[in-house]
There are 2 protein chains.
Amino acid sequence: MLMQNNQAFENAEMANDAIHAAQSFSSLFLMSAAEPVAAGKAICWEGDKAKHLFQVEEGVVRLHRIIGEGRRVITAFHFAGDLIGASLQSDFLFTAEAVTDCKIRRISRKSFHEEVARSNALGPAFISLLCEEAAAAHEQMVLLSKKNAEERLCSFIVKLATRRHPQARQGLVRVPMNRQDIADHLGLTIETVSRTISKLASRNIVVPEGRHDLRIVNPARLVQLSGDADDFSGNSCHRVKLH
Amino acid sequence: MLMQNNQAFENAEMANDAIHAAQSFSSLFLMSAAEPVAAGKAICWEGDKAKHLFQVEEGVVRLHRIIGEGRRVITAFHFAGDLIGASLQSDFLFTAEAVTDCKIRRISRKSFHEEVARSNALGPAFISLLCEEAAAAHEQMVLLSKKNAEERLCSFIVKLATRRHPQARQGLVRVPMNRQDIADHLGLTIETVSRTISKLASRNIVVPEGRHDLRIVNPARLVQLSGDADDFSGNSCHRVKLH
DNA sequence: CGTATAGTTGATGTCGTTCAAACCAAGTGG
DNA sequence: CCACTTGGTTTGAACGACATCAACTATACG
């Protein structure tokens with residue numbers, strides 16, 4: 001059973017084996033001071049001139065767009081090490097806000113591109129970064145287009161779980177964002193998110209421990225339910241089958 | 001009335017004023033012969049090694065992913081001049097198929113990147129291209145996340161209408177793809193697409209002329225209904241108001 | 001012309017939303 | 001220490017937009 005569970009997650013983790021391209025740029029940001037940003041505060045605003053790129057040194061950041069009335073879409077969350085604004089040309093296409101208390105560093109777009117041009121290691125890393133973003137965006141489009149609430153939640157939890165954070169405890173996933181953030185990221189309402197988590201808990205797949213942690217009881221099943229597993233995983237999968 | 005209509009579309013067209021970054025790469029593809037691809041035939045497959053980039057010389061191409069059973073997501077359509085596969089690293093993350101009869105040129109990923117590195121005009125163009133793709137992906141995420149069927153259709157039609165094709169006729173938009181393609185791109189069913197178009201027709205906003213053309217009767221209203229218009233456009237907008 | 005394929009329209013069902021109320025944990029102040 | 005907030009979350013009941021299933025119509029094509 002345990003081997004099965006590990007297997008299931010190792011598959012999901014493969015995409016993360018390579019070190020994130022974003023890490024390569026850390027040296028560029030060390031020239032600037034780390035700015036503390038309190039939870040809830042904005043780092044930049046949609047529509048503003050994107051004069052800087054940011055790197056998250058500590059904490060979690062959400063990127064969102066607002067369309068008419070009260071409709072908010074969280075296009076991505078960014079974690080320690082991630083860059084913000086790499087795929088922009090002139091204006092910010094999103095507002096960035098701290099989900100938790102953060103430390104942020106910045107560099108001007110101009111000098112960033114100068115450095116990338118100067119170095120011959122950074123060019124490819126920059127391309128990689130943009131490609132990773134594109135791949136993530138595709139993944140999200142599939143989720144929003146064709147997955148039901150349960151699949152969305154499971155996909156999201158798997159993604160959180162397979163992102164290796166420093167002090168990860170066995171089978172326990174930190175969920176720094178609140179239910180509303182999750183809802184706006186998955187294209188659901190807060191109530192549906194809550195209900196779906198409750199349902200997963202009642203089936204002993206993931207169980208909430210406090211508001212910001214999830215105990216993953218059955219990782220294999222979680223991956224199956226995410227809809228990203230192999231087609232034949234439902235009942236007769238060879239690799240993930242019990243015994 | 002006419003001025004109002006033009007105004008509305010000019011706003012939507014602004015993003016298209018700049019020539020697409022993709023155009024800059026045309027010279028690279030002229031070394032290879034134009035390959036004809038019949039409507040419905042595949043150009044590359046999801047999962048295959050992405051050894052080549054493609055440029056659409058003529059026709060329309062759809063990119064899609066399949067997830068379990070019969071769920072297909074069309075992540076993008078590509079038109080004459082567009083590149084396919086720029087944002088990939090190793091494998092194709094989508095299957096590309098000809099929507100109409102196409103002519104396609106190709107270049108190996110290796111020599112493409114060599115040429116980009118060699119030239120000092122192509123580097124920035126490549127970055128621009130990736131950023132354009134990222135912006136488009138964001139737009140699509142917003143659409144899939146928060147827009148209703150009518151807004152999705154209107155957004156799609158506006159996008160088709162503002163993409164200037166060579167022989168565009170005044171107020172008439174070519175829709176080369178079939179209803180199923182539109183549905184899979186907008187995260188709807190074929191029936192909902194059909195119904196929504198009928199509804200728009202009955203309100204005299206756009207009227208179908210044959211299967212593959214739409215007469216745009218009320219462009220201003222169309223833009224409003226797309227959900228991308230200014231917040232205050234509904235009833236009391238200053239710029240778009242009649243009189 | 002007749003058959004196949006694409007599209008439309010209608011009846012019914014369902015999953016997620018909406019609206020409303022209860023719940024819970026962490027303050028705050030009497 | 002306990003009543004009373006307060007913000008986030010959970011739960012319930014009713015509704016609605018889109019999906020599904022099924023019949024029908026229009027268009028293309030041999």
Side-chain angles (χ1 to χ4, degrees), chain A residues 38-40 62 68-74 97 99-100 143-157 174-203 206-214 225 227, chain B residues 38-40 62 68-74 99-101 143-157 174-203 206-214 225 227:
Chain A
R62 61 173 175 252
E69 319 101 72
R71 296 189 280 185
R72 184 181 71 155
V73 181
I74 294 185
E97 291 171 349
V99 169
T100 64
L143 180 146
L144 294 170
S145 206
K146 284 282 137 70
K147 290 186 177 178
N148 63 25
E150 183 173 282
E151 291 170 325
R152 292 180 196 203
L153 249 303
C154 291
S155 298
F156 181 65
I157 297 168
R174 192 97 247 267
V175 185
M177 57 294 288
N178 63 25
R179 299 292 188 260
Q180 187 64 62
D181 287 340
I182 299 174
D184 288 346
H185 183 53
L186 299 182
L188 300 169
T189 60
I190 183 173
E191 292 95 336
T192 300
V193 169
S194 181
R195 265 186 261 272
T196 306
I197 293 178
S198 297
K199 239 172 278 175
L200 291 172
S202 73
R203 291 201 274 156
V206 293
V207 182
E209 297 193 359
R211 291 179 170 179
H212 290 296
D213 288 288
L214 285 175
L225 292 174
Chain B
R62 61 175 175 248
E69 320 101 69
R71 296 191 279 186
R72 183 181 72 155
V73 180
I74 293 184
V99 169
T100 63
D101 290 342
L143 180 146
L144 293 170
S145 207
K146 284 281 137 68
K147 290 186 179 179
N148 63 25
E150 183 173 282
E151 291 170 325
R152 292 180 195 202
L153 250 300
C154 290
S155 299
F156 181 65
I157 297 169
R174 192 97 247 266
V175 185
M177 57 292 287
N178 63 27
R179 299 294 189 260
Q180 187 64 62
D181 287 340
I182 298 173
D184 288 346
H185 183 53
L186 299 182
L188 301 169
T189 59
I190 182 174
E191 292 96 335
T192 300
V193 169
S194 181
R195 265 186 261 271
T196 306
I197 292 178
S198 297
K199 240 173 277 175
L200 291 172
S202 74
R203 291 201 274 154
V206 293
V207 181
E209 298 194 357
R211 289 178 172 178
H212 291 296
D213 288 287
L214 286 175
L225 293 174

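Each chain gets a letter, A, B and so on, in the order its sequence line appears, and its residues count up from 1. Just so you know, these numbers use all the heavy atoms, side chains as well, and skip hydrogens, waters and symmetry mates.
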Distance-only, no hydrogens or angles: does the A:Arg152 side chain make a donor-acceptor pair with backbone N or O of A:Leu186 under 3.5 Å?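 Yes.
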Rounded distance [0.5 Å steps], CG in A:Leu214 versus CD1 in A:Ile197: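 Interatomic distance, A:Leu214 CG to A:Ile197 CD1, rounded to 0.5 Å: 6.0 Å.
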Look at B:Arg71 together with A:Glu151 and state whether they make a salt bridge at an N to O cut-off of under 4.0 Å.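 Salt bridge present between B:Arg71 and A:Glu151.
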Would you say the side chain of B:Ser155 lies within less than 4.5 Å of the side chain of B:Lys147, judging by non-hydrogen atoms?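 Of all side-chain heavy-atom pairs linking B:Ser155 with B:Lys147, at least one is under 4.5 Å.
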Less than 4.0 Å between a side-chain N and a carboxylate O, is that true for B:Arg195 and B:Glu150?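 No, no charged N to carboxylate O under 4.0 Å.
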By the 4.0 Å heavy-atom rule, please label A:Gly210 as base, sugar-phosphate, or nothing.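 Touches nothing.
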Ion pair present between A:Arg72 and A:Asp181, side-chain N to carboxylate O less than 4.0 angstrom?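 Looking at A:Asp181 together with A:Arg72, the answer is yes, because their closest N to O distance falls below 4.0 Å.
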Could you encode protein contacts along nucleotides 5-12 of chain C as a string, one character per nucleotide from 5' to 3', using B for base contact, S for sugar-phosphate-only contact and - for no contact, with a heavy-atom cut-off of under 4.0 Å? -BSBBBB-
Expected output: side-chain B:Arg179 to main-chain B:Glu191 donor-acceptor under 3.5 Å: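 No, B:Arg179 side chain to B:Glu191 backbone: no donor-acceptor pair under 3.5 Å.
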If only atom types and distance count, is the side chain of B:Ser198 paired as donor or acceptor with the main-chain N or O of B:Ser194 below 3.5 Å?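 Yes, B:Ser198 side chain to B:Ser194 backbone: donor-acceptor pair under 3.5 Å.
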How long is the straight-line distance from OG1 of B:Thr196 back to CZ of B:Phe156, given to the nearest 0.5 Å?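 It is 13.0 Å, given to the nearest 0.5 Å.
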Looking at B:Ile74, is its backbone amide N or carbonyl O close enough to the side chain of B:Asp184 to form a donor-acceptor pair, meaning the two atoms are under 3.5 Å apart?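 Checking the backbone N and O of B:Ile74 against the side chain of B:Asp184, no donor-acceptor pair under 3.5 Å is found.
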Bounds of contact between DNA chain D and chain A, in 5' to 3' order, using a heavy-atom cut-off under 4.0 Å: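 Both ends considered, the range comes out as D:dG7 to D:dA13.
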Identify, residue by residue, the members of residues 144-153 of chain A with a heavy atom below 4.0 Å from DNA chain C, and return them in order of residue number, or none.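 DNA chain C contact set from residues 144-153 of chain A: A:Asn148, A:Ala149.
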